[in-house]
There are 2 protein chains.
Amino acid sequence: MKVTINDIAELTHVSKSTISRVLNNSGPVAEKTRKAVIEAMDRLDYKPNEIARSLSLRRTMTVGIVMQDIRNPYYANACWHGDRLLEEFGYSAVICNVDNDPEREQACLNSMGYRSVDGVLCIGPQEETANIVRAVEEMEIPCVLVDTDPEIAKIDTVTLDNVYGGQLVVDYLVSLGHRKIAFVTSDFTSAERERRVGYSEGLKARGIEVDPSLIISQGEGQWHRGECPSLMELIRNGNAPTAIFASNDFKAIRIVRLLHRLGLSIPDDVSLVGFDDIDAAAMVTPGLTTIHQPIDKMIDIGVRILLKRMGGLKGPTEHEVLRAWLVERESTRKIR
Amino acid sequence: MKVTINDIAELTHVSKSTISRVLNNSGPVAEKTRKAVIEAMDRLDYKPNEIARSLSLRRTMTVGIVMQDIRNPYYANACWHGDRLLEEFGYSAVICNVDNDPEREQACLNSMGYRSVDGVLCIGPQEETANIVRAVEEMEIPCVLVDTDPEIAKIDTVTLDNVYGGQLVVDYLVSLGHRKIAFVTSDFTSAERERRVGYSEGLKARGIEVDPSLIISQGEGQWHRGECPSLMELIRNGNAPTAIFASNDFKAIRIVRLLHRLGLSIPDDVSLVGFDDIDAAAMVTPGLTTIHQPIDKMIDIGVRILLKRMGGLKGPTEHEVLRAWLVERESTRKIR
DNA sequence: ATGATCAGAGGAACCGGTTCCATTCCGGGG
DNA sequence: CCCCGGAATGGAACCGGTTCCTCTGATCAT
């Protein structure tokens with residue numbers, strides 16, 4: 001049987017209250033008593049029951065991390081950072097995977113209420129803005145959204161300037177002499193949609209007209225199977241772009257294989273740029289030129305805001321916006 | 001303020017006990033009363049407090065998943081499977097990352113006791129057998145070890161036959177005509193050590209002498225920085241093997257880049273085989289020939305054993321051993 | 001009519017902690 | 001010598017549920 005605070009009380013002939021006091025250093029305890037209590041705890045190998053503690057304190061020292069897909073290294077990495085930082089502050093993370101499913105996202109957010117977490121960090125939510133807001137309000141628990149639609153005004157957010165990131169890519173490619181640049185996306189997240197805007201605006205700013213046939217949008221499902229028929233077709237028709245901008249590294253890596261299969265060389269025949277700078281981007285051959293998304297910093301800021309809120313700080317909602325930068329590797333080169 | 005069972009009781013003029021009965025379908029309740037209670041719950045948007053429930057029932061419906069490194073896709077994938085399956089049975093997973101640190105592994109295992117999880121799934125523990133056993137016994141909570149040292153007799157385990165897997169690789173390479181096969185490892189986990197045994201035995205079985213200079217062992221740290229000086233040296237000295245067997249895909253993918261940098265082509269100059277079949281193995285160029293480790297099946301079996309134990313089943317410890325198989329991609333070819 | 005049976009509901013103890021309040025005991029100042 | 005104040009401790013209520021036991025009243029067979 002588990003040893004409880006009562007067992008310690010009985011053994012030391014001291015009341016529960018006093019035991020609790022030495023446990024939490026709350027209130028005065030005579031040095032002699034303290035010693036005796038601590039010794040008894042050691043002897044019985046006493047471990048306070050966190051559940052009982054949580055019930056009493058109405059505080060669990062856990063925060064929920066809600067994310068789209070733990071198998072995606074981008075999220076796994078984010079999750080790792082969050083977990084580590086939270087741990088430093090005595091919290092433990094309950095990770096919650098929603099598998100890119102809006103319904104599960106809703107359900108998961110709601111379940112956080114049941115699970116009595118003290119706060120929620122939501123990374124890359126895909127659900128409609130309004131639904132997110134409603135769910136968050138319903139839980140009555142501090143919540144910070146990281147890497148999300150920046151239009152959400154009522155909740156604290158940490159976002160990346162994806163439009164700027166998209167422009168960065170185009171600027172860079174144009175500076176290498178490219179003018180025929182394709183954009184490949186699934187338009188799945190708001191981040192992707194913003195990157196698309198950056199792509200268009202970047203081109204315009206450089207005086208290049210946006211060619212709709214070079215914008216290839218295709219659902220996540222096919223990407224998971226590693227296919228992109230529209231891109232293949234574009235190339236087979238002899239309309240191959242000289243550079244491809246993929247809306248994230250995951251897709252970029254798929255494209256490496258597709259081009260390889262078509263006998264096209266990267267970067268000799270076509271330059272390729274990704275977005276996110278996941279670990280694999282540096283491991284792949286050729287090394288992928290990409291936009292480094294400072295997810296660790298974003299998580300860091302997000303967690304710190306959350307900690308403040310959990311500490312009881314009210315005040316106006318915060319909206320941090322960060323900028324990404326380009327990492328040049330081997331998948332891009334000057335056009336001949 | 002949160003609405004509790006007492007608020008419902010007050011509103012419906014019914015006792016707590018009855019509310020609890022309709023909540024859990026335990027014991028008889030008149031249809032009229034049930035209706036009224038349910039309506040009141042809806043009206044006040046009542047959500048039972050899981051913490052209080054856990055305290056009372058001494059059961060949290062959570063299980064801890066302890067693993068080495070969530071950023072490693074192999075573990076992320078395993079974690080995902082575990083989480084999903086547990087969810088099906090009404091449990092939620094608390095993931096616990098130990099970052100390849102034996103001390104954290106110990107601490108984490110212990111903390112599971114505090115956190116009152118109902119069970120623990122430990123994936124790829126690296127700690128000394130004896131320590132693991134002690135920690136697990138100390139928590140007095142069901143625990144299943146997946147992908148671990150199979151010598152642990154006192155705890156349920158699910159393991160891969162890594163020796164067999166290693167032999168598989170050697171057999172395959174020899175059948176392609178290779179005789180000078182290097183083995184690259186960090187000897188970090190027991191899995192790696194067994195694969196090494198498989199490598200040696202496979203060679204012997206084929207009548208090839210094991211050349212110690214072809215076994216390259218090097219700590220995890222350098223791998224994380226993407227380096228392998230010993231392998232580089234071996235090749236620069238003109239002793240390049242015709243095939244390389246990496247102890248896992250992670251290392252294999254690093255090696256792809258190293259060889260690329262040395263101007264060696266895969267598979268034309270040297271064949272490369274990994275182990276694990278992580279997602280990236282199929283995404284990388286050239287596609288990596290590797291051993292498919294059925295981690296999903298291993299997790300599946302592990303979770304089912306754990307569920308039985310949590311259900312109260314005693315009985316002798318179980319030890320499942322699975323076999324992996326080879327997946328041929330583009331990183332290997334017949335020797336000229 | 002009567003006793004047995006049982007559905008339906010309430011009361012109270014319990015899970016293992018925390019905390020407010022009351023009580024005791026002590027020494028020091030008036 | 002008495003009173004006051006504060007340190008040390010105990011007692012009891014509380015957090016929000018579950019569950020055992022008891023009690024009531026209706027139904028049914030005898």
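So that the names make sense, note that chain A is the first sequence line, chain B the second, and so on, each numbered from 1.
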Considering only heavy atoms from C-beta outward, does the side chain of A:R104 approach that of B:E87 to under 4.5 Å?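 Yes, side chains in contact.
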Taking C-beta and beyond as the side chain, do A:Y46 and A:L23 meet within less than 4.5 Å on heavy atoms?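 Result yes, sub-4.5 Å side-chain heavy-atom pair found.
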Whether B:D279 and A:R71 form a salt bridge (side-chain N of Lys/Arg under 4.0 Å from carboxylate O of Asp/Glu) is what I want to check.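 Looking at B:D279 together with A:R71, the answer is no, because their closest N to O distance does not fall below 4.0 Å.
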Using whole Å, report how far CZ of A:R21 lies from C1' of D:dG11.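 In whole Å, D:dG11 C1' lies 11 Å from A:R21 CZ.
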Over all strands shown, is [X] touching base, sugar-phosphate only, or nothing at heavy-atom distances under 4.0 angstrom?
X	result
A:S20	base
A:K16	base
A:N6	nothing
A:T33	sugar-phosphate

Find which nucleotide of DNA chain D each of B:I51 and B:T18 is nearest to by heavy atoms, and output the residue with the more 5' nucleotide.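 Nearest nucleotide further toward 5': that of B:I51.
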Need two values: the first and the last nucleotide of DNA chain C, 5' to 3', having an atom under 4.0 Å from any heavy-atom of chain A.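 Range of nucleotides within reach of chain A: C:dG16 to C:dC20.
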Looking only at side-chain N and O atoms, does B:D147 offer a donor or acceptor that is under 3.5 Å from a partner on B:Y75?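 No - no donor-acceptor pair under 3.5 Å links their side chains.
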Want to settle it: does B:V29 or B:L55 sit nearer the 5' end of DNA chain C, counting the closest nucleotide to each?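 Result: B:V29.
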Which residue lies toward the 5' end of DNA chain C, B:L57 or B:S17, if each is placed at its nearest nucleotide?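 It is B:S17, whose closest nucleotide lies nearer the 5' terminus.
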Result of checking A:V146, A:V144, A:D300 against A:I305 for side chain to side chain contact (heavy atoms under 4.5 Å, CB included):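 So, applying the side chain to side chain contact (heavy atoms under 4.5 Å, CB included) to A:I305 and each of A:V146, A:V144, A:D300, only A:V144 qualifies.
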Between B:C108 and B:C96, is a disulfide bond (SG atoms under 2.5 Å apart) present by the stated rule, with each step listed? CA-CA 7 Å; B:C108 184; B:C96 186; 1.9 Å; yes
